[in-house]
Amino acid sequence: MYITAREQKVIKYMIQQNRYVTIREIADSVQVSTRTIHRELKSIKLLLEKYNLSLNKQPGKGLKAVGEQEDKQRLLAHLSNEDQIEYSSDERKLLILCALLETKEPVKLYTLATDLQVTNATISYDLDELTEWIAPYGLMLIRKRGYGIELKGPEEAKRKIVGNLIVDRLDIQLFLETIEMNIKHRTKATEKVFGVVSRGQLLKVERLLFHLKNRLSLSLSDSAYIALVVHLTYAIERIQLGETIRMEEEELLELKRTKEFESSQRIARALERMFNVDIPEAEVGYMTIHLRSANRSYKAEYRIDEIELDIALRTKKLIDYISNKTGYHLNENDSLYEGLVSHLEPAMNRLKEKMRIYNPLKQQIKQDYFLLFMAIEEGVERFFPEIEFPEDEIAFIVLHFGSVLEIKKEETKIHALVVCSSGIGSSKMLASRLKKELPEIAKFDLSSLMELKEIDATSYDMIVSTVPIPYEHIDYIMVSPLLNEDDAMRIKAHIKRQIPYIIEKKRTKESALTQVQESVDMMSLAEQVASYMSVIRSILSHFTIEKKETMTRHEVTLQHVLRQLEWQGYLKRADDVAASLLEREQQGGLGIPGTEFALFHLKHEHIKEPVFHIYDLNEAYEVKSMDGGQQMMSRMLVMLAPLELGKEGSEMFSLISSSIIESEESMALYGYGTKEDIEQKLNQLFYQFVKEAKW
């Protein structure tokens, strides 16, 4: 079955979004016109039908690929293995650039034409455009009849173009698929990723950086992380070929004064040991530039003291300026200010070093927020005159303002449902992050995947989940429990699209409520209060911290803990409960990033009563982290609840989960605190809840 590159991208986009998407969204995602998408839909519909899927159209909402999850996965697997590819013009230029970067010898024009299955004239036209692409980087093409095509320019320029053009323009999904294929042992180390770095080298660098990231307290967005991995891999390969870069002594001295230089040195030393190479200081300097240019937005704990005062003051002025332009008071929105200021500092570092960023939503953002886009363009020019902000960067800044303005215009309060597999762990963590980063969402309810069947999903303005939801009638956004930058941006864009429907639904609901006389059922209220108190009493009376011997394997350690709890009468069939916990751990990891403890949380039919215990291991070992990596665990937090535990019980456990990650001090308390210290924390939590409860 022949599938063009464009058809592959459209199908992947629709399946991965798992919601209704407009023709305009699809067109922007693959960078073609809406007319082109309309023309492709007939063949795409036939392709979907071959996999028992259908293309559902909803007026005003858009298109959605509908069918069983297994059939969607089969189709995605087929697309990953599809050999017949029709390259776009941009893809061809990138592949030509990769071929020229890889070789020191001139490449014949007819060789490129044969490899890419196009005519010599097409390649010649691509080369004309490629010349314009690379000129700003100080690179040029030598083209001579009988000689071939050769890339000329300094090594530093070649490194920069790899980071800027290749990572920004090629599908990041390829990077994630490479990591996934390696996990499943389906990868060939000699293959090239992004056409320029070997898969084997890239996987080694990615693993090393992943482990170092938390130790060095690096907070990188997905795109910045991938850019750094590709840059480091390419740098290692170039060093192995004897190619090194130079840096002015004055610039290097300035970089040495930054806090990122020390992190870069540690990364360099680790790479030296792994690849048996010597990395000169100039290379460390360039790594420092990458780290300083990485976006630190949406980090686990915002630190105002880490931001330069000058940038903070100018950000305030920008917010005042946009407030005056729009007529809405944005000056008191702390979340907007914090999000902007932590985005702008690394953005300015990035732009000073001429490191571009690619924003796939740029055209859609310009169309949806045209006047705001213009105002922000004027604002950054006025308050940051020394920096030239390209449209891709401005589009990111617009998103920070956009959703906040939409909510202010309509005075709308968003009611969200947050879903995770158990309902008592990662959902509360996610809700805590959403509350901090997205003030547009005023109210959250929490649910496990099982409880979702009993919930009226239509009563919520949006649903955010940490796990795939297997129900076709539910539209949702899937994100990480720790809510990274890309997740937050996608949610902001989703809220913007949904505002008209949310407003209409709320008006209809309010109209209906005015016709109903409110009444209070005191008996139900008394039972609800009693349920809260029962769970609080159970958690506090049974809380303990115990020392536990580390067994030969992780599974055995967990079984040993649960068998003791069975002996103490908290549960039955301990091995079944352990198996469920291990299965839950495989889905997403339970280690809390940046700590040495993991939160083992579960609702299960064999658990008799709520319990929260902590176990200190005599020997730490490695477990899977919530962010997908590995981390050391020296303390186990075990939070177990009966399957039939009501929403009151789930809420109390969620209160504890949220408090664990609310600050660095709180994580330190749960990670190293004594029984008395943590008991005091729990008492304060429950007291505050009871004091503020609106029964």
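Just so it is clear, the structure is predicted and the values come from calculations on it, not from any experiment.
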Checklist entry - Can His554 and Glu585 be said to form a side-chain hydrogen bond (donor to acceptor under 3.5 Å, both in side chains), step by step? => result CA-CA 11 Å; His554 172 53; Glu585 186 177 21; 2.8 Å; yes
Spacing of [X] atom [atom1] and [Y] atom [atom2] [to the nearest 0.5 Å]:
X      : Y      : atom1 : atom2 : answer
Lys681 : Ile660 : NZ    : CD1   : 10.0 Å
Thr315 : Leu344 : OG1   : CG    : 4.5 Å
Asp575 : Leu562 : CG    : CG    : 8.5 Å
Tyr621 : Arg553 : OH    : CZ    : 11.0 Å
Lys547 : Asp616 : NZ    : CG    : 5.5 Å
Met478 : Ser465 : CE    : OG    : 6.5 Å

Heavy atoms only: give me the nearest [X]-[Y] pair and the separation to one decimal.
X      : Y      : result
Met633 : Phe597 : CG-CA, 4.4 Å
Gly591 : Ala598 : CA-CB, 3.7 Å
Ile477 : Met462 : CD1-CE, 4.1 Å
Glu546 : His613 : OE2-ND1, 4.3 Å
Leu599 : Ser657 : CD2-OG, 4.0 Å
Ser459 : His415 : O-ND1, 4.2 Å

Spell out, as yes or no, whether a donor-acceptor pair under 3.5 Å connects the side chain of [X] to the backbone of [Y].
X      : Y      : value
Gln631 : Ile592 : yes
Ser666 : Ser659 : yes
Ser541 : Arg537 : yes
Ser323 : Ile319 : yes
Asn618 : Thr550 : yes
Arg635 : Tyr670 : yes
Ser538 : Val535 : no

Going by atom types only, do [X] and [Y] share a side-chain donor-acceptor pair under 3.5 Å?
X      : Y      : value
Asp576 : His604 : no
Asp475 : Tyr20  : no
Glu25  : Gln17  : no
Glu549 : His560 : no

Next on the checklist: Tell me whether the count of non-hydrogen atoms from other residues, nucleotides or ligands lying under 6.0 Å of CD in Gln568 goes above 12.
Outcome noted: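 More than 12 within 6.0 Å, yes.
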Checklist entry - Counting only heavy atoms not in His542, do more than 12 sit closer than 6.0 Å to its NE2 atom? => result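 Above 12, so yes.
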Is there a side-chain contact between [X] and [Y], using heavy atoms and a 4.5 Å cut-off?
X      : Y      : answer
Val21  : Arg19  : yes
Ile614 : Thr544 : no
Lys548 : Met636 : no
Leu590 : Val623 : no
Val464 : Val419 : no

Checklist entry - Between Glu679 and Lys675, does at least one N-O distance fall below 4.0 Å, as a salt bridge requires? => result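 A salt bridge links Glu679 with Lys675.
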Checklist entry - Stepwise, does the side-chain contact (heavy atoms from CB on, under 4.5 Å) test hold for Tyr460 with Ile455? => result CA-CA 10 Å; Tyr460 294 94; Ile455 291 174; 3.7 Å; yes
Next on the checklist: Show, in sequence, the C-alpha distance, side-chain angles and deciding distance for Ile656 and Leu637, and conclude whether the side-chain contact (heavy atoms from CB on, under 4.5 Å) test is met.
Outcome noted: CA-CA 11 Å; Ile656 299 172; Leu637 278 59; over 6 Å; no
Item to check | Sole residue of Leu558, Leu617, Val561, Thr557 in side-chain contact (heavy atoms from CB on, under 4.5 Å) with Met551 | outcome: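 In the set Leu558, Leu617, Val561, Thr557, the residue that makes a side-chain contact (heavy atoms from CB on, under 4.5 Å) with Met551 is Thr557.
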Item to check | Within 45° cone and under 6.0 Å: Lys608 NZ/CZ vs Tyr570 ring | outcome: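 No.
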Item to check | Derivation and outcome, side-chain contact (heavy atoms from CB on, under 4.5 Å), residues Leu640 and His601 | outcome: CA-CA 6 Å; Leu640 305 175; His601 56 280; over 6 Å; no
Checklist entry - Should Ile545 and Thr674 be marked as a side-chain contact (heavy atoms from CB on, under 4.5 Å) after you check the CA-CA gap, both sets of side-chain angles, and the distance that decides it? => result CA-CA 8 Å; Ile545 297 180; Thr674 64; 5.7 Å; no
